[in-house]
Amino acid sequence: MRKKGGPFFVLHAIWFRIRSVVDFVRRYDIVHVNSAKFGIAAYVASFFGCKYIYTIHFASTEEKKGSLTSWIYYILEVGLLRLVAGRAVCVTTVSEYCRQEIFRRFNVNPVVVHNGYDETQFDNVNRGLTNVKEELMLSNEVVYISVGRMIDYKKPLNVIRFFAEIKKRNGNSKLIFIGDGDLYEAVQNEIAALKLTDSVILIKQVNFKEIPAYYSAADYFISACESEAFGLVCLEALACDAVPLVPWKGAFPEIFLDRIFSYDIERISDIPDRQQLLSHRESILNRFRWNDKITLYNRLYVEKAK
């Protein structure tokens, strides 16, 4: 795979899209694009008979904050959204929350097809559980985990602040925080300021195939994002028996339905019993299995390709 960046990256990206336009017209009955940055190729191809479906995966434009590259991607994605949506045979998005936000901000009204988790990858078999706990020197602690980019949009500092309150209630708690980003140093400083250095394990990166083992080693999963478009990682964690604790904002209410999974960073109460949360596990996961979503998309492909 070509490494991103370098003097020829932009030329390569342009050339790839030009070749894609030709392929879309010649080889496919219908094309499915998941980004306006790439969807521009389908947009151009549509003038030569290509039909395409466009899925929008974001609701908030707060992700623009970050590196220069992130700014450029943000400008392209948001700037091209209406254009690419305009000639699509169908526009979809991943949650009702996303649909409402996209309609409010861009006057585009997509069809909701929820995301789904891969149950072949994420389950509660506890693969690698012992190895992860031994590697991190965990024994009988109550283990919390958070996984995500350390950028303002994801509110990583709130993860630390929430865990600090948890630690006050149960001194036998540890947090595994997996992620990297612009706020990594700020997260380190917050951990030190709250005297949590011995209670938080920071890991910048973990191979995706190993993530289920880390989830399985944890009792709870913490998200602090308040404008989550869907929250797939929370479902993946739940599938591995790490029960999510989330702000009652973004798409989380339509995913988890019961406020028992929620917390308010301004008024933190006692953590719900894990077994009580796990009693909701199957009913939640049954609504978001990836195989079922593939079936929905297959029907959509057949319908729109006619």
Side-chain angles (χ1 to χ4, degrees), residues 1 4 10 12-64 70 72-120 227-233 235 250-251 253-255 286-306:
M1 180 181 291
K4 291 186 177 181
V10 174
H12 172 74
I14 293 171
W15 176 238
F16 179 69
R17 282 158 178 76
I18 292 171
R19 288 188 292 115
S20 296
V21 169
V22 176
D23 284 345
F24 290 168
V25 173
R26 289 181 175 179
R27 298 179 57 188
Y28 301 104
D29 297 313
I30 194 161
V31 171
H32 189 172
V33 295
N34 288 277
S35 160
K37 298 186 296 292
F38 183 66
I40 192 63
Y43 170 82
V44 173
S46 71
F47 289 95
F48 303 94
C50 170
K51 295 180 179 180
Y52 67 93
I53 294 170
Y54 170 35
T55 294
I56 304 171
H57 288 270
F58 68 88
S60 168
T61 51
E62 291 179 42
E63 288 190 75
K64 65 182 181 293
S70 297
I72 294 171
Y73 282 171
Y74 157 76
I75 291 168
L76 289 173
E77 191 67 34
V78 173
L80 294 173
L81 187 150
R82 278 199 191 96
L83 189 72
V84 174
R87 289 189 62 84
V89 294
C90 183
V91 180
T92 68
T93 192
V94 296
S95 66
E96 176 60 22
Y97 166 69
C98 265
R99 187 198 68 76
Q100 292 177 11
E101 286 296 296
I102 292 164
F103 183 74
R104 180 178 67 83
R105 297 178 72 98
F106 303 103
N107 199 31
V108 172
N109 194 16
V111 174
V112 175
V113 180
H114 285 113
N115 242 332
Y117 81 99
D118 183 356
E119 58 189 314
T120 64
S227 52
E228 191 67 68
F230 182 75
L232 182 58
V233 292
L235 287 179
E254 70 184 276
I255 304 304
N286 283 338
R287 294 164 47 228
F288 301 108
R289 299 189 191 279
W290 182 235
N291 282 341
D292 297 335
K293 307 308 173 184
I294 290 174
T295 301
L296 289 176
Y297 270 118
N298 185 60
R299 291 175 189 162
L300 193 59
Y301 296 155
V302 173
E303 175 189 339
K304 299 301 180 181
K306 292 178 182 177

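Just so it is clear, the values below take in all heavy atoms, side chains as well, and ignore hydrogens, waters and symmetry mates.
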Taking all heavy atoms of [X] and all of [Y], pick out the closest pair and write down the distance.
X: A42; Y: V33; result: CB-CG1, 4.0 Å
X: V111; Y: C90; result: CG2-SG, 4.2 Å
X: H32; Y: N34; result: NE2-OD1, 4.0 Å
X: Y43; Y: V84; result: CD1-CA, 4.4 Å
X: L232; Y: G116; result: CD1-O, 3.4 Å
X: A251; Y: A229; result: CB-O, 3.3 Å

Q: Over 60° means perpendicular and under 30° means parallel, so classify the ring planes of H12 and F16, tilted if in between.
A: parallel

Would a 4.5 Å heavy-atom cut-off, applied to side chains only, mark [X] and [Y] as touching?
X: R289; Y: Y117; result: yes
X: I18; Y: I14; result: yes
X: Y297; Y: I294; result: no
X: F288; Y: N115; result: no
X: E119; Y: W290; result: no
X: K51; Y: D29; result: no
X: C98; Y: I56; result: no
X: V78; Y: F106; result: yes

I need the [X] [atom1] to [Y] [atom2] distance, nearest 0.5 Å.
X: R87; Y: S46; atom1: CZ; atom2: OG; result: 3.5 Å
X: L80; Y: S35; atom1: CG; atom2: OG; result: 8.5 Å
X: Q100; Y: N109; atom1: CD; atom2: CG; result: 10.0 Å
X: I30; Y: I53; atom1: CD1; atom2: CD1; result: 4.0 Å
X: S20; Y: W15; atom1: OG; atom2: CH2; result: 10.5 Å

Taking [Y]'s backbone N and O only, do any of them form a donor-acceptor pair with [X]'s side chain (distance below 3.5 Å, no angle check)?
X: Y28; Y: Y52; answer: no
X: E254; Y: Y97; answer: yes
X: R17; Y: K37; answer: yes
X: R287; Y: I255; answer: yes
X: T93; Y: R99; answer: no

Q: Verify the neighbour count for atom CZ of F48: are there more than 12 heavy atoms of other residues, nucleotides or ligands below 6.0 Å?
A: no

(Q) Counting neighbours of CZ on R19 that are heavy atoms of other residues, nucleotides or ligands and sit closer than 6.0 Å, is the number greater than 12? (A) yes

Q: Determine, stepwise, if the pair L81 / F58 fulfils side-chain contact (heavy atoms from CB on, under 4.5 Å).
A: CA-CA 11 Å; L81 187 150; F58 68 88; 3.5 Å; yes

